[in-house]
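Read through the structure below, which is laid out as structure tokens, and then see the notes.
Note that the coordinates shown come from a computational prediction; the quantities given were computed from them, not determined experimentally.
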Amino acid sequence: EAWAAEQGARADLRAVGLRQDPGLSASVEHRLNNLGEAPASTWGPTLDVPITTAGKLAIRQAESVAPLKESHHQLVRTAWRVRISLRSALVEWDSAEEQEWARVRLVQSREEVLDLMEAHLDADEASEPEVEQARAEAEATRLSLASARQARAVARARLAKALGVPSVAL
């Protein structure tokens, strides 16, 4: 939309220079009578005087440049808004992806700890409350991983929206 407005303003600026100035002109007239006889001629100089006074062309050009500048500024503002939105979505998506991978590694380590604690419980080297604590931590970490995956999906959708493509295209 901003690009179209700028192109329209550019066309208006080009049209200002093409517009004919009003003028005053006079010319010679030469006529033949119906019989084809030598006519009486009217002779005189031709006069063509453009009536562009007081800088009217410059004023029209200045009036045409103002909307062009405004449309250009609007185009730049729109481009910056898109850039900011896209950059923000990329940062959010990258952060969500890093969080997800960190949670995956944390889930793996918590499950290893839980396996070790259950092995110690079987060998009577750990108490039941310690194993339950390890189970609770492992489950909390799994829930945290699910939350991180959801955050990544939301960030992916936001990035797709900023790019103007469907989410599956990423």
Are the side chain of R110 and the backbone N or O of E137 linked by a donor-acceptor pair below 3.5 Å? no

Do E111 and R142 have side-chain heavy atoms sitting under 4.5 Å apart? yes

Is it the case that one hydrophobic cluster holds both L106 and W101, taking links as side-chain heavy atoms less than 4.5 Å apart, direct or via other members? no

Is V131 linked to V113 within one hydrophobic cluster, defined over Ile, Leu, Val, Met, Phe, Trp and Tyr using a side-chain heavy-atom separation of less than 4.5 Å? yes

Check ion pair R135-E132 (N to O, under 4.0 angstrom): yes

Under 4.5 Å between side-chain heavy atoms, hopping through other hydrophobics if needed: is there a path connecting L75 to V82? no

What distance do S144 atom OG and E100 atom CD have between them, rounded to the nearest 0.5 Å? 10.5 Å

Do R158 and S88 have side-chain N/O donor and acceptor atoms under 3.5 Å apart? yes

With a sphere of 6.0 Å drawn around CD of E125, does it hold more than 12 non-hydrogen atoms of other residues, nucleotides or ligands? yes

Output the distance between atom OG (S127) and atom CE (M117), rounded to the nearest 0.5 Å. 7.0 Å

Distance only, no hydrogens: is a donor on one side chain within 3.5 Å (strictly under) of an acceptor on the other, for E70 and Q74? no

Closest heavy-atom pair, T141 versus R103, reported as atoms and distance to 0.1 Å, is CG2-O, 4.3 Å

Flag, side chain of S85 to backbone of R81, donor-acceptor distance under 3.5 Å: no

Note: A162 and A89 closest approach over all heavy atoms is CB-CB, 4.3 Å

How about R149 and V104: do any of their side-chain heavy atoms sit closer than 4.5 Å? yes

Which distance, rounded to the nearest 0.5 Å, do you find between the OG1 of T78 and the CZ of R83? 15.0 Å

Over all atoms of both residues, closest heavy-atom pair of A96 and R152: CB-CA, 3.6 Å

Is there a side-chain contact between L163 and L159 (heavy atoms, below 4.5 Å)? yes

